[in-house]
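Heads up: the structure comes next, in structure tokens.
Letters A, B, ... mirror the listed sequences (proteins, then strands); counts begin at 1.
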Amino acid sequence: MPVITRFAPSPTGYLHIGGARTALFCWLFTKHHGGKFLLRIEDTDRARSTPESIETILDGMRWLGLDWDNKDSESLGYYSQYAHFKRHAEVARQMVANGVAYYCYATPEELDAMRSEQKVKGLPQRYDGRWRDRPASDAPQGIAPVIRLKAPQTGETTIRDVVMGTITVQNSQLDDMVLLRGDGTPTFMLAAAVDDHDMGITHVIRGEDHMTNTFRQAYIYKAMGWDVPVFAHMPLIHGPDGTKLSKRHGAPAVSDYRDRGYLPEAVNNYLLRLCWSHGDDEIIPMDKAIEWFDLDGVGKSPARFDFAKLGSVNAHYIKEKPDADLAALAAPFVARVMGRNLTPAQLDLLTRAMPDLKPRAQTLVQIAEMAAFYFHEGAFTLDDKAAKILTPEARQVLADLAAKMGGLSEFTTEAVENLFRAYAEEKGIKLGAVAQPLRVALSGSTVSPPIFGVAGLLGREESLRRMEAILRGA
RNA sequence: GUCCCCUUCGUCUAGAGGCCUAGGACAUUACCCUUUCACGGUAGUAACACGGGUUCGAAUCCCGUAGGGGACGCCA
């Protein structure tokens, strides 16, 4: 039987990085087995679902390269749960007709009161089944009832989960959850089960926070006589402090990673290694991931998110990326730092500078910050450290060398370096004593890529302009 | 509170009863390389939550304890 999986986010905000990890595992599992990976947007909560949010999710998925297989077969480009609400309602009503679900007229206020009371008494907070066995004649006027599942109250339920193992729960722990709301829209509990069945999903891969829902959804399958899919619940990703990863931890959305200059291949690689491993392998490109990934390798314990490690993985993929590609990716970040877009000539310079920039950065943002000086116009604002370099001696060095640089027959990195080395040797001073003043003059800072290379890239005219500007400045 | 799950270096993990003096990666420390900063290289610090079993032998199996996480909505 071919594998069919789905990723089913609700469009009520951004694409959560934890959700992306689940999607990645799901996608990898599907690709590994040559199956189909479907995208379903769970937009039944009309009050909270937004089109912007859907676009954000789609964007995130595309950025990560997690393409779904139903984008051409659905009119919207994905399966919309809300579009199928009639089907969900029909199933709910059928369950009532079959005696496995019932109408409940309890108001939300009434249920709130019930839960508060349970909490005060230290009892489990569960629906108490007050309408479970009441005859239809008791139905009050003017209240739109919900439909609840008539869950079994005795015995136990066992589900087999590929990751979590065989788990059994006493049915007395289950309550009668709402399947259809008073307004006729389905709840997640119903809609997800019905859609998974209708879409032919063979493997339900989702976050561990859905674990307890599984026991209850199992009854929907049973009541409808449907085959139960294979369940696989992924451990959650926690923040550095061990609690559920959220806004509080800084970067909960996939878009945050793009904005911070992480490469999608690095994010995927990092995410892949959370709760899953392949021996001692750390750098795992997508093709290898597809080859190696399977659900039996997924661990049960949650993982904490570590930005330092993500940074190092990102640094690896940055070094690996061709200069021109990287320059194109970094250009918007450089533009952000400079406050204006790069000209084609500047993009070309950025590309040529990339070999010097790449090994020094963990993110595109860092590349941009480091590269900004190449495109700087006017005088630099020097910090204390840089200003301190410019002693009268250093100024003399710069003045001497500026004159010599003007006379260089060929203005290349090697020529400038040879010139400076010869000068340092001749004067009996360290190379640093000539290189640092040049660095400050050309980059405006005490830290930069190798400075002779910078001079070579900037060219004679611009290099001399910057040196003279520094010499003119007090 | 009730139920479910989890527990190897700071973090991600390897580990399927003897290969474990517990391996790798990130982080961290020192040194080397070096025109600054990085990259790279070398070396180091650092963990089987605790307590009982089972066994000739346990990080690996069992039980308990503690700690952590998750779920308990007309959210998904």
*Sticking with atom P, work out how far B/G73 lies from B/U13, rounded to a whole angstrom.*
31 Å
*Write down the distance separating the C1' atoms in B/U65 and B/A71, rounded off to the nearest Å.*
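Each nucleotide's C1' atom is 24 Å from the other's.
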*If you draw the axis of the six-membered ring of A/Tyr78, does the NZ or CZ of A/Arg40 fall within 45° of it and under 6.0 Å from the ring centre?*
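Not satisfied by the 6.0 Å and 45° rule.
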*Tell me whether the guanidinium CZ or amine NZ of A/Arg46 lies under 6.0 angstrom from the six-membered ring centre of A/Tyr82 and within 45° of its axis.*
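Relative to the ring axis of A/Tyr82, which defines the angle, A/Arg46 lies inside both limits.
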*Mind listing the closest non-hydrogen atom pair of A/Ala251 and A/Tyr257 along with its distance?*
O-OH, 2.6 Å
*asked:* Under 4.0 Å, heavy atom to any atom of RNA chain B: which of residues 83-92 of chain A qualify?
replied: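 Per residue number, the list is empty: none.
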*For RNA chain B, what residues of residues 353-376 of chain A have any heavy atom nearer than 4.0 Å?*
A/Pro359, A/Arg360
Would you mind telling me which of [options] lies closest to the side-chain atoms of [X]?
X	options	value
A/Thr187	B/U2, B/A27, B/C74	B/C74
A/Pro124	B/U36, B/A76, B/U2	B/U2
A/Arg421	B/U35, B/C74, B/A27	B/U35
A/Ala308	B/A27, B/C74, B/U36	B/A27

*Measuring from A/Leu274:CG to A/His238:NE2, what's the distance to the nearest 0.5 Å?*
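A/Leu274 atom CG to A/His238 atom NE2 measures 11.0 Å (nearest 0.5 Å).
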*asked:* Students often get this wrong, so: under 4.0 angstrom with heavy atoms, is A/Ala386 touching a base, only sugar-phosphate, or nothing?
replied: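 No contact.
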*Classify the nucleic acid contact of A/Gln125 as base, sugar-phosphate or nothing, counting any heavy atom under 4.0 Å across all strands shown.*
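A/Gln125: base contact, heavy atoms under 4.0 Å.
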_Could you walk me through whether A/Arg130 and A/Asp128 satisfy the salt bridge (charged side-chain N to carboxylate O under 4.0 Å, His left out) test, starting with their C-alpha distance in whole Å, then the side-chain angles of each, then the deciding distance to 0.1 Å, before giving a yes or no?_
CA-CA 6 Å; A/Arg130 56 186 63 188; A/Asp128 59 7; 2.8 Å; yes
*Classify every nucleotide of nucleotides 3-15 of chain B by which part a protein heavy atom approaches to under 4.0 Å, writing B for the base, S for the sugar-phosphate alone and - for neither, in 5'-to-3' order.*
SSSSS---SBSS-
*A/Lys430 side chain N/O closer than 4.0 Å to the phosphate oxygens (OP1, OP2) of B/U36?*
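No, no such contact exists.
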*N/O (side chain, A/Thr44) to phosphate O (OP1/OP2, B/A76) under 4.0 Å*: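 Looking at the OP1 and OP2 atoms of B/A76, one of them is under 4.0 Å from a side-chain N or O of A/Thr44.
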*How are the rings of A/Phe293 and A/Phe25 set relative to one another: parallel (under 30°), tilted (30 to 60°) or perpendicular (over 60°)?*
tilted
